[in-house]
Amino acid sequence: MSSSARAQPPEDPEHALASIRSELARIRTAAGRIERGLAELEAGAAASVRARPRPARYLQVLVDVYDLGGRHGVSLEEWARIGAARGYERRGLGGFFTGVRAPLRHFEGRVVLTVFGERLVDEYLAELP
Amino acid sequence: MSRRELSLVDGDWLQERLEDPELVICEVDERPLIYRVGHIPGAHCLDWRVDLQDPVARDLPDGDSIARLWQRIGLGEHSTVVLYGDQSNWHACFAYWLFKLYGVEDLRILDGGRQAWVRQGRPLNREAVPESGRAARVPAAIGERYRARWRDVLAAVEHGTQLLDVRTTAEYRGEVLAEAGYADEGAQRSGHIPGALNVPWDIALDEDGLLLDEDQLRVRLAARGVDLEAPAITYCRIGERSAHTWFVLHELLGVEARNYDGSWVEWGSMIGMPIATGEQPG
């Protein structure tokens with residue numbers, strides 16, 4: 001094999017090796033973090049989504065958003081009407097959007113259910129007579 | 001009557017006819033339990049997982065199952081069937097397409113579905129609807145005219161037939177296997193069928209979930225590159241959103257269209273199928 005065909009060695013093999021090991025360690029750390037997060041999510045998914053009991057009107061608000069909003073959620077005006085109809089003051093509606101397990105989120109100027117919110121709706125519906 | 005009048009009705013039309021004995025109203029929801037919150041008076045609940053699929057194979061229900069379903073809901077020779085549901089009629093359109101495959105012609109979709117009916121403050125009740133005792137129509141042999149199989153789609157890829165991927169842009173690009181909340185509907189691979197245009201199903205709707213008028217539909221579809229003079233095959237993830245777009249194309253606009261109900265869950269899981277990723281059709 002001619003020398004011109006051989007790959008050029010790195011300028012500093014020791015440095016390159018250390019750099020790759022460092023990169024690998026970062027990837028492993030990140031992978032571990034992702035795995036832990038995934039495990040927590042899976043554990044959470046297995047447990048009842050309603051570990052904390054919620055009042056019926058809270059769940060009815062979510063059903064209203066599902067029923068009136070379809071695939072694209074409800075407008076902010078409609079959201080305010082839904083809340084008022086179920087006895088919520090405007091300030092109290094903010095709680096639907098906070099926390100890791102918020103059942104609602106804002107999307108493109110509308111109010112939509114999160115995946116967690118959809119699961120709350122499912123549990124509520126399953127308990128209806 | 002126009003195509004639209006023959007296949008699409010609004011709340012006023014339906015509310016005036018709730019007592020019509022020849023009208024068979026069916027609610028078809030993604031979440032069938034929402035029917036318990038209240039339904040259009042007299043509406044039967046069709047569970048898409050139970051009533052609109054084969055119970056074992058991944059396929060459409062056979063003729064015997066359809067005959068039993070029609071007996072239950074009282075779908076007779078002279079019936080007009082009105083279908084509606086949640087999620088802007090995804091599954092209602094699938095039922096429409098399925099019933100049409102089995103030979104029913106007098107079918108209507110309630111524009112806006114359950115969402116529009118509820119929003120308009122129209123009557124709902126929670127009364128159980130008994131099984132119909134009337135003689136049911138006998139299903140025709142299932143037709144293939146409006147249905148595409150994977151071999152048809154493969155031929156379409158090779159011959160340049162128009163393919164419309166009606167999923168979200170993220171699904172089309174291959175960034176996700178399925179939308180959030182549909183983890184059990186993922187395929188083995190992500191991406192789209194080579195050559196397919198991305199035409200999200202909901203471009204046919206206004207923000208209240210009502211279908212746009214014909215002129216607006218033509219403009220929006222043309223802007224996405226759809227040739228409304230050419231045959232088309234629609235697909236999505238499991239064939240229900242694509243039934244919605246099939247309804248728009250075939251029933252409202254008169255396009256020669258077929259729905260590929262195997263859709264991405266089938267295509268993206270089979271060995272050796274061509275797949276494209278990214279924004280371009282490929």
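Within every chain, numbering begins at 1; the chains are lettered A, B, ... in the order of the sequence lines, protein sequences first and strands thereafter.
Ionic pairing of Asp67(A) and Arg114(B) is present here: one or more N-O contacts between side-chain nitrogen and carboxylate oxygen are shorter than 4.0 angstrom. Remark: Glu179(B) engages Arg71(A) in a salt bridge, criterion side-chain N to carboxylate O under 4.0 Å.
Neither the backbone nor the side chain of Trp117(B) comes within contact range of chain A, judged by heavy atoms closer than 4.5 Å. Of the two parts of Tyr182(B), only the side chain, counted from C-beta on, holds a non-hydrogen atom closer than 4.5 Å to a non-hydrogen atom of chain A. In this structure, the portion of Glu78(A) lying under 4.5 Å from any heavy atom of chain B is its side chain and not its backbone.
Here Arg31(B) is the residue among Arg31(B), Arg36(B), Arg126(B), Gln87(B) with the most heavy-atom pairs under 4.5 Å with chain A. The candidate from Val74(A), Asp122(A), Val63(A) with the greatest count of non-hydrogen atom pairs under 4.5 Å with chain B is Asp122(A).
For Arg119(B) against Leu68(A), the heavy-atom pair with the smallest separation is NH2-O, 2.8 Å. Here the closest heavy-atom approach between residue Leu125(A) and residue Ile34(B) is recorded as CD1-N, 3.8 Å.
In this structure, NE2 on His72(A) lies 9.0 Å from CD on Gln115(B), to the nearest 0.5 angstrom.
Proximity of Glu207(B) to Ser75(A): side-chain heavy atoms (C-beta onward) are nowhere separated by under 4.5 Å.
For Arg189(B), the CZ atom counts as loosely surrounded, since its 6.0 Å shell holds 12 or fewer non-hydrogen atoms of other residues, nucleotides or ligands.
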